[in-house]
Amino acid sequence: AGGKPLAGRHIVITSGPTHEPIDPVRYIANRSSGKQGHAIAAAAAAAGARVTLVSGPVTIPDPPGTEVIHVESAREMLQAVKTALPADVAIMAAAVADWRSENDASQKIKKDGSGAPPALCLVENPDILATIGHHDSLRPMLLIGFAAETQNLIENAQSKLQRKRADWIVANDVSPNTGVMGGDRNTVRIVSKSGVEDWPELDKAEVALRLVNRIADFLNAD
Ligand code: C5P
């Protein structure tokens, strides 16, 4: 009573992009800044949780009061998440690369003079959210994913909820005109089995705070 709402809880959060190596100097990446995931980590820590933040390569500072595990690739991120679990809650906010280069060349790939570009063969990365969602012993009681889409937002979020066995999906429109990718504001909807909740456009820190309060309400309901 009167304590912080997430005191005694462990929360694992992924954030940022992943970098998938092509050779020692090149990689595949995406435009995720890590701002939303890091803001959630900071808000959860401020609410008293023990926070393990598994972060891909970002340029923003480690949030205060959290333990940060820095990783590069999707496979490293999955390993770090498994090591960080068990937890009461996991929030997968990272923009994990769907594909990586099949071969991570040990030497820099060179032009061969023929004018023919090298073939880049892609293979699918592990899905961290789905792996944890389907895991018997590691799945937390509350598993939250994100769905960043440029079209069919709610349909895509609902199918992710089922396919990846998440409890909630934070759905956001990342169309170029929204400024969400890399920006400071976000408009999200919370998609769960019980329906869709629309939130107004908010600062990413405010989205984080609302999400943390919703998590605390859920955990402290009984
Ligand atoms: O990329 P996608 O839109 O499917 O991502 C939806 C959710 O799944 C996000 O929470 C994201 O962090 C997670 N994800 C993941 N591992 C992947 C791809 C996505 O954890 N390889």
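Whatever order the structure lists them in is the order used to number ligands and atoms, beginning at 1.
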* To do: Run through ligand 1 for me and note each protein residue having a heavy atom under 4.0 Å from it, chain first, then residue number.
  => M92, A94, V96, D98, P126, D127, I128, L129, G145, F146, K160, K164

* Asked: Heavy-atom distance under 4.5 Å between the side chains of W168 and L142, does that happen here?
  -> yes

* To do: Please examine the side chains of I28 and I22, heavy atoms only from C-beta on, and report whether any two atoms are closer than 4.5 Å.
  => yes

* Can you name the residues that form a ring pair (Phe, Tyr, Trp, His ring centres under 6.0 Å) with H10, not counting sequence neighbours? -> none

* To do: May I ask you to decide whether E149 forms a salt bridge with K160, counting only side-chain N to carboxylate O separations under 4.0 Å?
  => yes

* Structure fact -> side-chain contact (heavy atoms from CB on, under 4.5 Å) with T150: of T178, N177, N156, V174, only one passes, and it is V174

* Asked: Does the pair D23/K110 count as a salt bridge with the N-to-O cut at 4.0 Å?
  -> no

